Amino acid sequence: MIRYIIKRLLWMIPVILGVSVLIFTILHFTPGDPVIMILGRDSTVEAQAQLRASMGLDRPFPVQLLSYLKDVFLHFDLGVSYNTGKSVSEEILFRFPYTFMLAFSSMLISVLIGIPLGVIAAVNQNKLWDRISMFIALLGVSMPQFWVGLLLVLLFALRLGILPPSGIGGPQYFILPIIANAFGGIASMARQGRSSMLEVIRSDYVTTARAKGVSKTGTIFRHALPNALIPVITVAGTSFGRSLGGTIVIESVFSIPGIGAYMISGINNRDYPIVQGCVVFLAVTFSIIMLLVDLMYAFVDPRIKAQYVSGSRKRRVKNEKKDR
Amino acid sequence: MKRRTDRKRELGPGMQVFGRLAKNKAAMAGLLVLSVMIVIALLSPWIIPYPYEALDFSNAFAPPSPKHWFGCDDLGRDILSRVMYGARYSLAIGLLAVLVGAAIGTVIGSVTGYFGGVIDNVLMRFLDILSAIPSILMAIVISAVFGAGFSKCILAIAISTMPQYARVLRGSIMSVRDMEYLEAASSINCSNMRIIARHILPNSFSAMLVTATMNVGTAILMAASLSYIGLGVQPPAPEWGAMLSGARGYIRDYPHMVLFPGIAIMVTVLCLNMFGDGLRDALDPKLKR
């Protein structure tokens, strides 16, 4: 198990490196000269050349790429903003709590509300409750998150006046953004939970359990639920990615000064170090969470755990045979 | 001789799928509403009650009324007309983004699934890198690079969702890779290209079809989000996300401006999901995604 964790952790390095190279390359070849953005069109060529040299933008692309990677991975330095000259890393660390809080609590709520809803629906398959909750879930995955946010603002902030419409402050400021961000997640978790549970309920061992006289609730909690939850856990990882991405848009709806808002300001000002920094940082966060989810997956599913604990060599041999 | 029987068997399940799909009321309802929307989108230049870009300041912020069913926006433009015309943007973006993404994904997925080995490893690691970036984030970066606009928005969504198709296809190819009929095909000297195109893809088609159908809705949602933060289709084009973006400043006093474009998005995606769910159940009751 530990070997597996180490292997996964090591594998993260090339992935993050790849993400950094990819994003740096894409943004490097984007039209729009940051020097002219800063100095304005009617600045002198000398001034432009001087600034370009001082920002290191006159060096060839591979050199710039290498120095960027060196800064990021050896010094954890994501560069400085073209416009304000402030450190991107500091700004991101300052904003990160908002974004993480938003994304993480949305994921948590999606899992905690979505899965039970799905399980209840599956147990009562084709009854009225199942129909209604699944239709609502279907609606939920069909609404744009930012629109849900706008509707929530309209209802709870502007009409009822019980929650603040935007900005940051006490906990009450985060209620609407979290609900807006979690809404789609709850719906998709409920759908996943239902289909996964249905599959398990139809399986032979559940029938056996019922036949030997275990009560209906007993079968569901002791036999069906643990097995149904396994595939749902992987979805929780993607759900975090979804929340993290959704946060970017939700932050703009609720004017929350998180990483997403920072990145969009970077895009609008053509401030590439900001964009690069945010993407790399979010990709690292996402990868770590995915890793944790995978580990949890291996932890709850004895079959997978067994594969990694003892079978790694056996598996490799088998794969080689297959490849041949 | 053998091929003929194969054909026959292929057609049978196909008809069965249609039969099952036609019996699914939700899927049929979704399909019906979608068809109506497509017709509206196609005919919109001739059937919208007012020109979608016509300014009429005497009617600015007019609430819904018999004259303007969905009311008017800040410049007095009829929202119903704009929503109807905007269906063109959303539906086109959804369909084209999925087509482009699925096409790239098919190429990558079939190459990596069929050849395996080093090619598989390299391509899958590349997809790992792409997948380390949440897809909406990727779409935002790509549209930041290409700039805003209709075709660039399609490209951004297509690229950011491409890994999904590649993975789905790779998965289903892996499951048919060792089948005897492929060995038979290569033994009668079929080229790799031909084996992939004629024998593997048709057999891996159903998983792709379901993913693609579901993703049309996702693509529409993504396009709306991109437009909302100012990176997708630009105003004054009546794309639904862009309309919502323009309306957000007036949400307090004129909620109808926020309501109707959002409902349009919701109904479209809802119908796509209902149809997609039905298709999934019809193609394979056991297939989960």
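Given the structure is predicted, the values throughout are model-derived calculations rather than measurements. Lettering of chains follows the sequences in order, A, B, ..., and the numbering in each one begins at 1.
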Closest approach of [X] and [Y], non-hydrogen atoms and distance?
| X | Y | value |
| --- | --- | --- |
| B/Leu244 | A/Phe146 | CD1-CE1, 3.5 Å |
| B/Ile140 | A/Met263 | CG2-CE, 3.5 Å |
| B/Pro134 | A/Leu244 | CG-CD2, 4.5 Å |
| B/Leu221 | A/Pro144 | CD2-N, 3.5 Å |
| A/Trp147 | B/Val258 | NE1-O, 2.9 Å |

Can you measure from CG (B/Asp128) to CH2 (A/Trp11) and round to the nearest 0.5 angstrom?
5.5 Å

For residues 222-232 of chain B against chain A, heavy atoms under 4.5 Å, the residues are B/Ala224, B/Ser225, B/Tyr228, B/Ile229, B/Leu231

Members of residues 248-257 of chain B whose heavy atoms come closer than 4.5 Å to chain A:
B/Arg248, B/Ile251, B/Arg252, B/Pro255

A/Phe61 atom CZ: more than 12 heavy-atom contacts under 6.0 Å
yes

Around A/Phe104, counting heavy atoms of other residues, nucleotides and ligands shown, do more than 12 lie under 6.0 Å from its CZ?
no

Residues from residues 278-285 of chain A approaching chain B under 4.5 Å (heavy atoms)
A/Val279, A/Leu282, A/Ala283

Could you check which of B/Leu259, B/Thr218, B/Val145, B/Ile136 has the highest count of heavy-atom pairs closer than 4.5 Å to chain A?
B/Val145

In the structure I gave you, are the side-chain heavy atoms of B/Ile129 and A/Val21 within less than 4.5 Å of one another anywhere?
no

Heavy-atom distance under 4.5 Å to chain A: side chain of B/Ser131, backbone, both or neither?
backbone

Without placing hydrogens or testing angles, list every side-chain donor-acceptor pair under 3.5 Å for residues 116-123 of chain B, not counting sequence neighbours.
unit_1: B/Asp120; atom_1: OD1; unit_2: B/Thr112; atom_2: OG1; d: 2.2
unit_1: B/Asp120; atom_1: OD1; unit_2: B/Arg170; atom_2: NE; d: 2.8
unit_1: B/Asp120; atom_1: OD1; unit_2: B/Arg170; atom_2: NH2; d: 3.4
unit_1: B/Asp120; atom_1: OD2; unit_2: B/Arg170; atom_2: NH2; d: 3.0
unit_1: B/Asn121; atom_1: OD1; unit_2: B/Arg125; atom_2: NH1; d: 2.7

With chain B as the partner, which of A/Leu151, A/Val275, A/Leu27, A/Val141 has the greatest number of non-hydrogen pairs under 4.5 Å?
A/Val141

Identify which part of A/Phe135 has an atom lying under 4.5 Å from any heavy atom of chain B, answering side chain, backbone, both or neither.
side chain

Sort A/Ile264 into side chain, backbone, both or neither according to what part of it lies under 4.5 angstrom from a heavy atom of chain B.
side chain

Please assess B/Phe146 against A/Ile26 for the test side-chain contact (heavy atoms from CB on, under 4.5 Å), listing each intermediate value before the final yes or no.
CA-CA 10 Å; B/Phe146 290 147; A/Ile26 293 177; over 6 Å; no

